[in-house]
Amino acid sequence: MWIFAVVYLDQRISPQFAHGQPAFSFKSYCVACAIVLSHKKFQPDIVMGTGGYVCGPVLYVASLFGIPTVVHESNSFPGFTTRMLSPRATRIFTAFDATARWLKRKDNIELSGTPTRDVLGTVSREDGIKFFNLDPSKKTVLVFGGSLGAASINEAIRVLVKDFIDSNIQWIWQTGRSNEMLTKEMAAIKNCRVNTFIDKMEYAYSAADVVVCRAGATTLAELTRLGKASVLIPYPYAASDHQAFNAQTLVDAGAAVMIADRDVKVKLKNVLHSIINDNKKRQKMNNASRTIGKADAGREIALRILELAK
């Protein structure tokens, strides 16, 4: 059995997409045809892609040749490729119920979640607290903005860490690899464990009572797998504002509070106070988050693909 996964192709095969134009180039079709026609050599039983625009031509041409196609859409608001392929795809796996409203065809949609690492959830809160040498009696806020960091979040946390220095709050803060100066500046502050990058996120998550972060699809899949209350600050320049759509899904479920990037300095302090100091509210958010999580997403998607490929 051959499963052809379109994970990455040279983006030059579809230059229009690189500039946000919803059209395939003639060259992209030619490349896609060449790829799919080569199936005579290895005879794929199914072709799958993850919704990126470079997947579009290959998946579309595969559908023309009658090869089953699968798309996984991890964002709440589906990208152009997923919307275009919706009528032709054999199956579209989604991470959010809300995604279906933007897709023309409904009978091929399956709510699956987004795959996450199995190591998540294997570490206890006690071990997470010990790993970062924190106080188990204090509430812990985990903050991160991606591997490179997020300037708006870092600027807000820089102030809050100092404001809460004598409070019952402690911090695990990933500033991002481009923020070494900030990391060195904040390293001496008590109740704050600051790093440019956290390798062992399973320990950071397990120690956290509240998480402050962006709203990328994988991040939200991790939060909901673990049942974590969160304050989401969507990246304002994400394509089609998809992070705001992602965040709104968790807000609607009662699992998160969303703050616009432009408001983070003004609103984050009060929002954190309201969650940290209200155990019932935080537990309710935790439960709501866990309810929409899909811990077995990777395994379930793999099994369904194998079934479709038979």
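Sequential numbering from 1 along the given sequence is applied to the chain's residues.
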* If you measure from the Lys or Arg side-chain nitrogens to the Asp or Glu carboxylate oxygens, is any gap between Arg225 and Asp118 under 4.0 Å? ->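 Yes, this pair counts.
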* **Check ion pair Glu300-Arg304 (N to O, under 4.0 angstrom)** =>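 No.
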* Can you tell me how far the CZ atom of Phe96 sits from the CD1 atom of Ile292, to the nearest 0.5 Å? ->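 It is 7.0 Å, given to the nearest 0.5 Å.
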* Asked: To the nearest 0.5 Å, what is the distance between CZ (Phe93) and OG1 (Thr99)?
  ->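 Rounded to the nearest 0.5 Å, the CZ-OG1 separation comes to 13.5 Å.
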Can you confirm whether [X] sits close enough to [Y] that some side-chain heavy atom of one is under 4.5 Å from a side-chain heavy atom of the other?
X: Lys190; Y: Ile165; value: yes
X: Leu85; Y: Ser63; value: no
X: Trp173; Y: Ile189; value: no
X: Lys228; Y: Ser230; value: no
X: Tyr203; Y: Lys130; value: no
X: Phe144; Y: Val211; value: yes
X: Leu160; Y: Trp171; value: yes
X: Asp261; Y: Tyr237; value: no

* If we ignore angles and hydrogens, is there a donor and acceptor under 3.5 Å between the side chains of Thr196 and Thr183? ->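 No, Thr183 and Thr196 have no side-chain donor paired with an acceptor closer than 3.5 Å.
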* Asked: Going by distance alone, is a donor N or O of one side chain under 3.5 Å from an acceptor N or O of the other, for Glu73 and Thr82?
  ->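 Indeed, the side chains of Glu73 and Thr82 share at least one donor-acceptor pair under 3.5 Å.
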* To do: Could you check Glu202 against Phe131 for side chain to side chain contact (heavy atoms under 4.5 Å, CB included), going step by step and ending with a plain yes or no?
  => CA-CA 11 Å; Glu202 62 271 24; Phe131 184 84; over 6 Å; no
Path from [X] to [Y] over hydrophobic side-chain contacts below 4.5 Å:
X: Ile157; Y: Tyr205; result: no
X: Val251; Y: Val271; result: no
X: Val71; Y: Phe65; result: yes
X: Val141; Y: Val194; result: yes
X: Val231; Y: Leu223; result: no

If only atom types and distance count, is the side chain of [X] paired as donor or acceptor with the main-chain N or O of [Y] below 3.5 Å?
X: Gln170; Y: Asp135; value: yes
X: His242; Y: Gly216; value: no
X: Arg177; Y: Phe197; value: no
X: Lys106; Y: Ala100; value: yes
X: Arg91; Y: Glu110; value: no
X: Asn195; Y: Gln174; value: no
X: Asn108; Y: Ser86; value: yes
X: Arg125; Y: Pro136; value: yes
X: Asn154; Y: Thr175; value: yes
X: Lys138; Y: Ser167; value: yes

* For Val210 and Met285, what are the C-alpha separation, side-chain angles and deciding distance, and is it a side chain to side chain contact (heavy atoms under 4.5 Å, CB included)? -> CA-CA 10 Å; Val210 180; Met285 292 175 71; over 6 Å; no
Is atom [atom1] of [X] surrounded by more than 12 heavy atoms (other residues, nucleotides or ligands) closer than 6.0 Å?
X: Lys265; atom1: NZ; answer: no
X: Arg299; atom1: CZ; answer: no
X: Lys280; atom1: NZ; answer: no
X: Arg105; atom1: CZ; answer: yes

* To do: Return the orientation label for the Phe245 and Phe77 ring planes: parallel under 30°, perpendicular over 60°, tilted otherwise.
  =>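 The rings of Phe245 and Phe77 lie parallel, inter-plane angle below 30°.
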* Given the rule in the side chain to side chain contact (heavy atoms under 4.5 Å, CB included) test, do Lys139 and Asn279 qualify, once you have shown the distances and angles that lead to the verdict? -> CA-CA 10 Å; Lys139 295 294 188 293; Asn279 291 336; 3.7 Å; yes
* Walk me through it: do Glu185 and Arg158 pass the test salt bridge (Lys or Arg N to Asp or Glu O under 4.0 Å)? => CA-CA 10 Å; Glu185 174 192 335; Arg158 183 180 188 178; 2.7 Å; yes
* **Name of the residue among Asn277, Ile275, Asn287 meeting side chain to side chain contact (heavy atoms under 4.5 Å, CB included) with Arg282** =>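 Exactly one candidate clears the test, Ile275.
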* Applying the side chain to side chain contact (heavy atoms under 4.5 Å, CB included) test to Gln243, which of Arg214, Gln248, Met258 qualifies? ->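 Output: one option passes, namely Arg214.
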* Asked: Checking side chain to side chain contact (heavy atoms under 4.5 Å, CB included) for the pair Ile169/Asn191: CA distance, chi angles, key distance, verdict?
  -> CA-CA 7 Å; Ile169 298 176; Asn191 297 335; over 6 Å; no
